[in-house]
Amino acid sequence: MVEVASARADRHDGSYHFDLKLPSYFAGLPLSNGAARVLIEATVKDSAGHAETRGEPITVSESPLIITAVPEGGTLVPGLENQIFILTSYADGTRPALT
């Protein structure tokens, strides 16, 4: 999907703020806990016709917090006491603050 827009920066610092409506469905990846990666790319052209393009990948997730349970030995062993590690992160991979 490509969405194209054209605008002029009307702020003194040359910035332009915008919102994008993302599609209602993304195909997430199992290795990314169901999250999908989206590339947001913008091309800016100055009055002399010189253009610069930059892109920033973002993560799109159904849930802002991802919780993963990992058994100590890789799998649960029936009949034995198992230790399970709980991993938490935000969809972009950053860790939530501990309180």
Between [X] and [Y], is any pair of side-chain heavy atoms under 4.5 Å apart?
X	Y	answer
I67	I86	yes
T88	I66	no
P96	L65	yes

**Message:** Check R54 with E56, please: is the shortest side-chain N to carboxylate O separation under 4.0 Å?
**Reply:**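 Salt bridge absent between E56 and R54.
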**Prompt:** Judged by atom type as modelled, is there a donor-acceptor pair below 3.5 Å linking the side chain of N82 to the main-chain atoms of L80?
**Reply:** yes
**Message:** To check you understand the geometry: which heavy-atom pair defines the closest contact between P57 and L39, and what is its length?
**Reply:**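 Between these two residues, the closest heavy atoms are N-CD1, 3.9 Å.
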**Request:** Given side-chain contact (heavy atoms from CB on, under 4.5 Å), test H50 with E52 step by step and report yes or no.
**Result:** CA-CA 7 Å; H50 176 76; E52 291 283 339; 2.8 Å; yes
**Asked** Would you say the side chains of R37 and T59 form a donor-acceptor pair under 3.5 Å?
**Response** yes
**Message:** Using the rule that Ile, Leu, Val, Met, Phe, Trp and Tyr join whenever any side-chain heavy atoms are under 4.5 Å apart, tell me whether Y90 and L87 fall into a single cluster.
**Reply:** no
